[in-house]
Amino acid sequence: MKKSLLALAALSAIAGVAQAQSSVTVYGILDVGYIGTNGRVSSSATATNGGQSKTTTNQFGQSAEQTSRLGLKGTEDLGGGSSAFFTAEFYLYPQDQTLSGNTTGGLQSRQTFVGLKKNGLGQAAVGLQYTPVFSAVAATDVGQTNNMAGNVIYPANSSGNSNDGANSKGMTVRTSNTLTVASDKFAGFGANAMVTLNNQNKSQVDNTSGVATAGGNTNASGWGLGADYTFHKFYVTAAYQSLKQLTTVGNNAATGGTGWDQAQGNGATTAPLSATGATTGAFNTTDNQVYAGATYDFGILKAYAQYINRKITSTASTNYYLKRQAEQIGVRSYLTPTIEGWASAGLGRYTAFGQGTPTANFNGWQLGSNYYLSKRTNLYAIYGQTLTSNSAAAGVTSSGGYSNYAVGVRHTF
């Protein structure tokens, strides 16, 4: 009996130590509600004397304030101030019947990485991760990177059924095949960096003629740097990243092109950047992005200032490029202990050289509020609007705008 009690006590002690040394947390967000969208495009191509195309959606949708997600994260104590950590986070689609959306066969990853950390020094991680520019935006965005219209730094348009938050015209949100490092805070300063690498060079030679008949390069690589500084109630951050897509497969995008979002194995390019919404592929392009943002907490409200610049250039000729820049200011405040509100306004410009030399100005504004029922559950109401002036591309002149309005409930767990 005594031996059994001693064995039970020993096992309990071992289990307690193991639990103290490692932990896994399940977390997530579910965001659902009513979403409405009004879109308008005026184009010389829609009618003989000019015309207008309108789109209106009204539905019970998802992910207006924050993208719904499910995640696992954990840490393990390695001793001596060192630890290992991981994150695996996936999209959730509350209005779809299948687990990950009707167009895919498995979970779609938002973040998936493993890393090591040393207290007092910093950490490093490898996998699918947020970029330095997006991390800086997330820390200083007045709308907290919601998926509604009106934000010119993190432009979005929540249609209620789209995979909002996956891409952004303003910046590359995340890259796979990525190594990141981040320092601990020293006297209020912090720094981070990333390197993304996914290169594939292949060739197929005919045995008879000796001539290459297939193959080519599918290369996606890049790097980024970020820094931030905190002094009492003042916070400032800046980041820069340069991403390159090179391939000999398909066209060479000598007429401009768009920006790529993730360095996937097939060299996929899935983040369109165009004043007219073009979605052509971005082969042989360099994508440079810079961001600066600051916040100051006055106590009764928090003020925000943001600037972003993105330029995508053809590697075949630097004369062909598309540039997007924007500035935005805003405030966020608790009106009562349970009611929070925010407002933002910004403007920007698309400029380009090449076919059609498209140029366009745009502006946007957004109002939003949260009513917290508890620490984890809130009701929200958001309205935003973005307008774009005339832009000329391929002989077609167009202008447009869209607005979003949503009321819903968000629960975090």
Side-chain angles (χ1 to χ4, degrees), residues 87 109-115 122-139 145 153-154 165-183 191-202 216-228 237-250 252-253 256-274 280-293 307-318 320-325:
T87 293
S109 179
R110 287 173 50 86
Q111 301 180 81
T112 310
F113 57 85
V114 176
Q123 66 180 45
V126 177
L128 172 64
Q129 302 172 77
Y130 291 135
T131 63
V133 167
F134 177 73
S135 296
V137 170
T145 61
I153 299 296
Y154 186 75
N167 306 315
S168 173
K169 294 180 181 180
M171 82 288 302
T172 301
V173 174
R174 56 179 66 83
T175 55
S176 57
N177 313 99
T178 297
L179 166 67
T180 63
V181 294
S183 72
N192 62 87
M194 81 160 188
V195 176
T196 181
L197 183 66
N198 185 19
N199 295 341
Q200 178 177 275
N201 301 318
K202 62 181 180 179
N217 304 328
T218 308
N219 298 338
S221 61
W223 60 275
L225 295 172
D228 60 84
T237 183
Y240 174 84
Q241 58 200 33
S242 180
L243 307 173
K244 183 173 290 188
Q245 181 86 0
L246 298 176
T247 179
T248 58
V249 179
N252 63 7
T258 61
W260 60 279
D261 176 59
Q262 297 187 30
Q264 302 293 355
N266 62 354
T269 57
T270 57
L273 176 64
S274 169
T280 55
F283 300 107
N284 300 326
T285 58
T286 299
D287 189 348
N288 296 324
Q289 307 167 28
V290 63
Y291 175 78
Y307 169 80
I308 198 164
N309 189 311
R310 183 179 189 182
K311 184 178 181 181
I312 302 175
T313 307
S314 170
T315 58
S317 172
T318 56
Y320 294 98
Y321 66 86
L322 180 60
K323 180 179 179 181
R324 183 189 188 276
Q325 64 184 64

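None of these values were measured; they are calculated from a predicted model. Each residue takes its place number in the sequence, starting with 1.
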Are the side chains of K311 and V290 in contact, using a 4.5 Å heavy-atom criterion?
no
Side chain to side chain contact (heavy atoms under 4.5 Å, CB included) involving A227 - partner list, sequence neighbours excluded:
none
Taken in chain and number order and not counting sequence neighbours, the residues that satisfy side-chain hydrogen bond (donor to acceptor under 3.5 Å, both in side chains) with T237 are none
Any donor-acceptor pair under 3.5 Å from T178 side chain to S176 backbone:
yes
How about F134 and Y291: do any of their side-chain heavy atoms sit closer than 4.5 Å?
no
If you round to the nearest 0.5 Å, how far is CD of Q123 from OG1 of T180?
6.5 Å
Of all residues at least two apart in sequence or in a different chain, which pass the side-chain hydrogen bond (donor to acceptor under 3.5 Å, both in side chains) check with T286?
none
Please enumerate all residues that pass side chain to side chain contact (heavy atoms under 4.5 Å, CB included) together with V181, with sequence neighbours excluded.
A124, A193
Between S109 and L128, the two heavy atoms sitting closest are OG-CD2, 3.3 Å
Side chains of R324 and I308: closer than 4.5 Å at any heavy-atom pair?
yes
Residue pair N288 / Y240, side-chain heavy-atom distance below 4.5 Å
yes
The side chain to side chain contact (heavy atoms under 4.5 Å, CB included) partners of S183 (sequence neighbours excluded) come to F186, A191
With sequence neighbours left out, write down each residue that passes side-chain hydrogen bond (donor to acceptor under 3.5 Å, both in side chains) with Q241, or none if nothing qualifies.
T131, Q289
Rounding to 0.5 Å, atoms OG1 (T175) and CG (L243) come to a distance of 7.0 Å
Which heavy atom of M171 sits nearest to which heavy atom of I153, and what is that distance?
CE-O, 3.3 Å
Q111: what forms a side chain to side chain contact (heavy atoms under 4.5 Å, CB included) with it, not counting sequence neighbours?
T87, E89, F113, Y130
Between P132 and G226, the two heavy atoms sitting closest are CB-N, 4.4 Å
Non-neighbouring partners of N192 that pass side-chain hydrogen bond (donor to acceptor under 3.5 Å, both in side chains), sequence neighbours left out
none
Going through the checks in order, is the side chain to side chain contact (heavy atoms under 4.5 Å, CB included) test met by R310 and T172?
CA-CA 10 Å; R310 183 179 189 182; T172 301; 3.6 Å; yes
Find out whether N177 and L197 are in side-chain contact, i.e. whether some heavy atom of one side chain is under 4.5 Å from a heavy atom of the other.
no
